[in-house]
Each structure stands twice: as structure tokens, then as C-alpha cells.
4 protein chains.
Amino acid sequence: MPKVGMKPVRRAQLIEATLESVDQFGLQATTVSTISKIAGVSTGIISHYFGGKQELMEATVRFLLQSLNDELMIQLKIHGTSPVNRLEAIIDTNFSPFQTSEKGTKTWLAFWAQSMHDESLARLQRVNEHRLLSNLKYSLKEVIPKDKVEHTAQAIAALIDGLWLRGALNEKSINVEKASKICKDFIHKSIEYYQLKEPNNAQPPATQDR
Amino acid sequence: MPKVGMKPVRRAQLIEATLESVDQFGLQATTVSTISKIAGVSTGIISHYFGGKQELMEATVRFLLQSLNDELMIQLKIHGTSPVNRLEAIIDTNFSPFQTSEKGTKTWLAFWAQSMHDESLARLQRVNEHRLLSNLKYSLKEVIPKDKVEHTAQAIAALIDGLWLRGALNEKSINVEKASKICKDFIHKSIEYYQLKEPNNAQPPATQDR
Amino acid sequence: MPKVGMKPVRRAQLIEATLESVDQFGLQATTVSTISKIAGVSTGIISHYFGGKQELMEATVRFLLQSLNDELMIQLKIHGTSPVNRLEAIIDTNFSPFQTSEKGTKTWLAFWAQSMHDESLARLQRVNEHRLLSNLKYSLKEVIPKDKVEHTAQAIAALIDGLWLRGALNEKSINVEKASKICKDFIHKSIEYYQLKEPNNAQPPATQDR
Amino acid sequence: MPKVGMKPVRRAQLIEATLESVDQFGLQATTVSTISKIAGVSTGIISHYFGGKQELMEATVRFLLQSLNDELMIQLKIHGTSPVNRLEAIIDTNFSPFQTSEKGTKTWLAFWAQSMHDESLARLQRVNEHRLLSNLKYSLKEVIPKDKVEHTAQAIAALIDGLWLRGALNEKSINVEKASKICKDFIHKSIEYYQLKEPNNAQPPATQDR
DNA sequence: GATGAATGAGGCTTCATTCAT
DNA sequence: GATGAATGAAGCCTCATTCAT
């Protein structure tokens, strides 16, 4: 009997090869041929396991987003002991080594651009964006005035994405420390700012273990 | 008798058609055929005036970036009477109607992604990014502590790009008012924050005409 | 300015090449490549002028059926002076040199088989079959009892098709004289038979110029 | 312990599945995959038992033609008591439920068309056609003038094939009764015709048990 | 005996570029 | 200057066949 249960193995292998190809050649120049060559398999295998190139692309995006989410869950479980810690965990996750690898950023940006004209990709992207905002708001509402939460969450999310974007362009990979510091500074300053400005409306001091 | 001076006219016409096509169909689905159809000319004309599709693309990016710069120059000339006003002019320019039109954002993002794997596009992009940072730093150093200038400029630039990015995904076009407010708030709060925190190091109050 | 009005020329050229290819290689082995090679053009031209292979195939069938009909119209105009002459003209048309050329019969049979699983081809085929039956019945009802018309028309049509079918298999081309004679004999005998059997019900003697 | 004698079982199973597939999807869309799925076996089994797809196809045609012949032998044994009865038995066999099933007609036509360009199929087809003609002539020469036998046999054979052909196109299956009646009428009329026309040359009245 | 994962040639189609007019 | 017909390389996908298990 031939090898069974190859499906998950091959799918992972092909998704990995897709990331590699998009990193090396770009999304436009990524073809069934480049992917299968990197994976060391024949071209037919992609249609065999994914039905077609498009589905492989979507699976790859899903994988990227899932990884981001998984990492966040882990970080929150470890460090999520206070609102501020939770916020920092979110930042750390978004600038973790995997997420900010050259492979990760290039692919992420390529798919984001592609999603402008591909509804199935856009949907995935939106789900993820919504999740990031939710997580941010959940923690923010405990440390800043309620009417500033939405506004601030939007700003942090934009800051994260903007730093990724700039990192993708300028360097081989994002300068993680710098980017991380900019985001955390923004969070700390926002909290501090509202406490200084409106001490009476100040939130009860959040337990902060640092 | 051959018509003379058709070159600039045709080039402008084709660049405009390229923007239109990228907006309508996306960068991947934009072909020589879609562009020439929108422009109402034959396909051969593109090679004739630009040598090829790739050069037309680069010319289009250069046009977009030039427009951004031109607008900034105008805004700075009109409103650039104080550091804060200058900073606000930069924000306004980046979220001006043209820049944030659906056409603009989609094309901008598409080319940004493309520039990951196209050095000539990347160079253009980097020049522009550098210019934005320079402009921000020039004004910032008059209103916040010198050792915070770089850091803050990076944050503002990232904020601008991040808001564009998120706008490109979620809406037909960026919600200009919201995005603009987030950026300006960030600037105002940063200034105010450093003044509150370090009143002794405060900059001499900038002349502010509002 | 380049050559204009090439469309009808190229379409005819490609349809001719399709007939040639189906004759030489069979329908299954007829590819865009075989057709374009025979036509002496590039492969891309087929999609350019027909949108795709399928449409070229349909156009080819339409051409075959149209040719059959055109020939019939001509024959009827020339020889259609009496019911029997009209019937013979129908037979002659169906066994005319073009229709019974090797190219014609093979292609006709190939498309007929294909139409079992291709509704657009089946529709074309049915229209043509209906036309043949109508023409036969129109003339038959003047020379044989009315209640035998349908039955006899069906038989003649089946005879024509069956002779084609057998001709396609056995010979390079149908043995025209034999096939033609079998059909005409059948017609003559049918008429004579009903007159011998039922002389009282006999139709008024049709004007017969032979 | 290896199962023995699986060969005939598997071969029959695969031939049956081939007929089913050609009926459902057409000859062009019938692949090794569709056949093996219908048979409930793996794709490799076809090459294992038939060496390849082509050989399975030929075996299937051989099976169809053998079935036709077997049925004819049975019918002739039962009803073959007089020349006319034998002729009618031939007709009945050709329009028996199995032969005229949707499955049968589609497959028959598909393979006939295919045999235009496949000598091994064509040979099988010709053997069968020859057998039909022989059977017809054997009986005809006892009931019609000798010099009309060949001609009439050709006509009957063409009539049978033509009715199949038209049945395959228009209906889910051939209208057996109508087709059968047309053929038998033709036979009866031919016999009667020659008796009426040439009573002196008439054959000695054949024993007819109806 | 049987499986089905894997191969890779070949099919159809798209599209940037060329060139005769 | 301008056209658009034509090219043909390259993309994606299908499928008959092979082979390790």
C-alpha cells in the first residue's frame, strides 16, 4: 500500500514553498512552476492537493493569519496578566520573528494588495483586522477613557500596519526593536496623557507588574 | 506633416488610463490591452511611447509620487506659517481627495507591493518615504525635544501609511476626516505630552496662527 | 494601416483547417495546435478570432450544415419541378461530392457523436434533422397516402443517415452512386407500392417530367 | 494467498464501468479516473488488467459487438423458422432493449466515430457490419430476386443504422416500436413489391408461420 | 493482487511585443 | 504617427501511466 496521510504533509510543504516563492520572486512572478520547483515536486501536485493555484494562495493566506492568531493566543496566555501587558503582548506578537521575517512581510503585503481585487482574500483580511481591533479595544477600555477607545485602537492598529509596510520596503526585515518601541511608547503615552489631562476621569490604576 | 509634440500628450493620456485600469481591474489584471482600450488607442502605442509595459508602470508611479509632492509644496506654501501648521499641511496633503481617492489608494498599494520585487519602483518609493520623513523632522524639531524627533517622525509616517493601508482594505476610500484626525491628534498630543512632562525643556512657543 | 477585414478570411481559413484536421486526425486528436499548423498560423489566432476552441468547433458544424442547406436550395431551384424531382434533389444534395467527401463524412460523424454530450451541437444537429424531415414530408404528401407520409419520411431520412454512416466506415468516401440509387429506389418503390396496393386511393398523378 | 481467476471478473467489471462512463460523460470526458471511480477500484488496475486505456476501450467495443451477435444467435434459434422470421429476428435483435438502451446507443455511436481514426476499432466494426449483411442476404435470397439481394440487404442495414443514429440524437433512447416497424415494413414491402411486379419470377412461397 | 500518490507531457488560453501597412 | 493582426512563450490545468508500498 502506498504512503497514506500525505495530504497534510504535502499541503504544508506546498504552503511553505508558496511563501518562499512569493518572497523570492513576488506574487506576480510566483507561478505553479516556481512553487513546485521550490517544493521539489511536479506541477500537477498543486491541482491534486489544492484543486488549483488560487486555492493554494488562499490556504497560504489562511496559514499566515492563523499563525499570527496562534502566536497571539500564546503570548496572551503567558503575559496577559494586566491590560497593559495584554496590549504589549499584542505588539510583541505582531513584531515577532516569524511575523517580521522577510518572507512574512513580503507575502503579507503582496496578499494585502491582491485582496483589493479578490473578494475571498479580502474577507480573510477583514476578519483578521477586526480581530486585532477587538483585542486592542478589549484592553484599552480599562486604561483610557471610554470615548477614546475606538479612536486609539484605530491608531495603534494603523501604527502596527504602517510599520510593517515601511519595514517591508526599507529593510530586509522590519527593525523589530524600533517598531516595537514606537508602538509601546504610543500606548504608554496615550495612557499617561489621559491620566495627566483628566486625572478625575482616570481609570482605577491597572495592575501593572512591571 | 507629422504632428509634433504628441509625446507629452500621449504619455499623460496613457498614465491616466493606467491609473484607471489598475483601479478597475487591479494591477494583475491590468494588461496592455485594458490600458489601451481605456485610453482609446491601439496596443502598439504603449511600446511606441514607453518602450514597454514596465516603463509605463514606472512612469505612472513617478507621476503619483510627483503629484503627492506637488500638492505638499502647495499646501506648505499656503499654510506653512508655523511648525504645527506645516505638520498639519503634511497630513492634509497625504489625505487630500486625490491621494485618498479609490483610484489613488488601490494603485498606491499595488505599486508598493510590486516594488518589493522591482528595484526601480523600490527606489522611487524610498525617495518619497525619505522626503516625507525629512519634512516631518524639519518641523518636529522645533516643537519637541530633539532626541524624540526621529522616533516621532517615524511614528507619524507609519501612522499615515497604516491608515492608508487600512482604508484601502475596508472602504471604497479612506475615511479622510477620521484618518486626518488620528494623525493630528497624535501630533498635538505628542507636543503637549513633552511639554507636560518636561516643561523646562520645552521649546520656545511656536508662532501658531490658529 | 494594417490589413483590415481579415476576420471573415481568417475564420473561413480556420474552419477549413478544422475540417482538414478532423479528417486527418479525428475529433479527439484535433487540437488547437493541429488546426493552427494546418492553417499555417499561430495557436493564439484561434482564441483571437473565435474566442476559443469550442466556438471554432461550433462554427465548423454550422458551416457544414449551412453548406448542406445551401446546396439543397440550389438543387431544389434547378430540379424542383415535381414532387418526385424534389425528393430526388434532396437525395442528390445529401450525396453530393462535397457532402460525401471523406472530409465531410468523417467530420459530420465526429460531430454527431460529440453532440450526444454537447447541447449546443445537439441543437444545431436537431434543427438540421427537422429541416430534412420537413422537406421530405412536403413532397411526399403529394405522392403517397397522407397517413404514410410521416412513416416514410422517417425511413428515407434514416436511410440517408445510415448510408452515410456505413460509407464513413467502409470506404474512403461514400459510394455515391450506390447510395443514391438505394434511396431513390426506395422512394420510387414506395410510391409505386401504394399505387399498386391502393389504386383507388391513389394520388392524382403528379406532373413528372421524366 | 493470491486470489486466482480475478482476471475475467475484473475485466467484466471494468468494461461495464466503461459503458456506464461513456453513457454518463461521453467518450471524450471518459477518463481512467471516471471509469475506475464507477468500478470502485483504483486507477492503476486498468493498466494492470488491460495494459492501458486504449485496450480497455477496444475490449469494450468487442463486448458490445459480441453481445449483439449473441443475442442474434438466440433470436435466430428461437424464431428462425422461415426466411421472413429470420429477417424479423435480425431486426428485433438490433432493436432489443439492451441494444437500444441509452447506454448502448451512445457508446455505439461514440465508438463508431472513434473507429474512423482507429484501425483496430474499425476492423471490429467492419467484421460486425459484414456479419449483419451476410445474415440479411442469407435470408433475403430466398424471398426476393437474386439480383436484388445485395441492394436490398444494403438498404436494410443502412435503415437499421440510420434509425439508431437518429434515435441516439433525438431521444433518451430509440423509439423501439417505431424503428422496428419501419424496418419490418420495408422488408415486407420489398418482398411484396417484387412479387407484385414480377409474379413470374416469384420465389416459391416461403413457409411463413404467421 | 491492489493501491493511489506522483509524474510530466500536452491541451487551451492569455498577453507583451513586433511589424507591415 | 498610429494601427491592430499576428506571434509564440508561458501560464494553469488535465490525465494516462508508473511504481513504491
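If you're wondering where the values come from, they're calculated on a predicted model, not measured in any experiment. Lettering follows sequence order; numbering is per chain, from 1.
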Does C:Met57 reach the side chain of C:Phe111, with side-chain heavy atoms less than 4.5 Å apart? yes
Does E:dT3 have OP1 or OP2 sitting under 4.0 Å from an N or O in the side chain of D:Ser42? yes
Quick one: does D:Phe25's side chain get under 4.5 Å of C:His117's, heavy atoms only? no
Taking the side chain of C:Thr43 as its heavy atoms from C-beta onward, which of E:dG4, F:dA6, F:dG8 lies nearest to it? F:dG8
Kindly write out the residues that satisfy ring-ring contact (aromatic ring centres under 6.0 Å, His included) with B:Trp112, not counting sequence neighbours, or none if the list is empty. B:Trp108
Spacing between B:Lys37 atom NZ and E:dC15 atom C1', to the nearest angstrom: 12 Å
Looking at DNA chain E, which of residues 46-64 of chain B put a heavy atom within less than 4.0 Å of it? B:Ser47, B:Gly52, B:Lys53
Is the backbone of C:Val32 close enough, under 3.5 Å, to the side chain of C:Ser36 for a donor and an acceptor to pair up by distance? yes
Which residue pairs pass the salt bridge (Lys or Arg N to Asp or Glu O under 4.0 Å) test when at least one of the two sits in residues 21-31 of chain B, sequence neighbours left out? B:Asp23-B:Lys106
Residue pairs meeting salt bridge (Lys or Arg N to Asp or Glu O under 4.0 Å), one or both in residues 32-61 of chain D, sequence neighbours left out, come to D:Glu58-D:Arg62
Side-chain contact, heavy-atom cut-off 4.5 Å: C:Leu65 with C:Gln125? yes
Contact nearer the 5' end of DNA chain E, comparing A:Ile45 with C:Gly44: A:Ile45
Among A:Val41, A:Thr60, A:Leu19, find the residue that satisfies the side chain to side chain contact (heavy atoms under 4.5 Å, CB included) test when tested with A:Leu14. A:Val41
Sorted by number, the residues of residues 11-33 of chain A with heavy-atom contact under 4.0 Å to DNA chain E: none
Per-residue pairing states of DNA chain F in dot-bracket (Watson-Crick or G-U under 3.5 Å; . unpaired, | other strand) read .||||||||||||||||||||
If we ignore hydrogens and angles and just use 3.5 Å, is the side chain of C:Gln28 paired with the main-chain N or O of D:Gln114 as donor and acceptor? no
Between B:Gln54 and B:Asp118, a side-chain donor and acceptor under 3.5 Å: yes
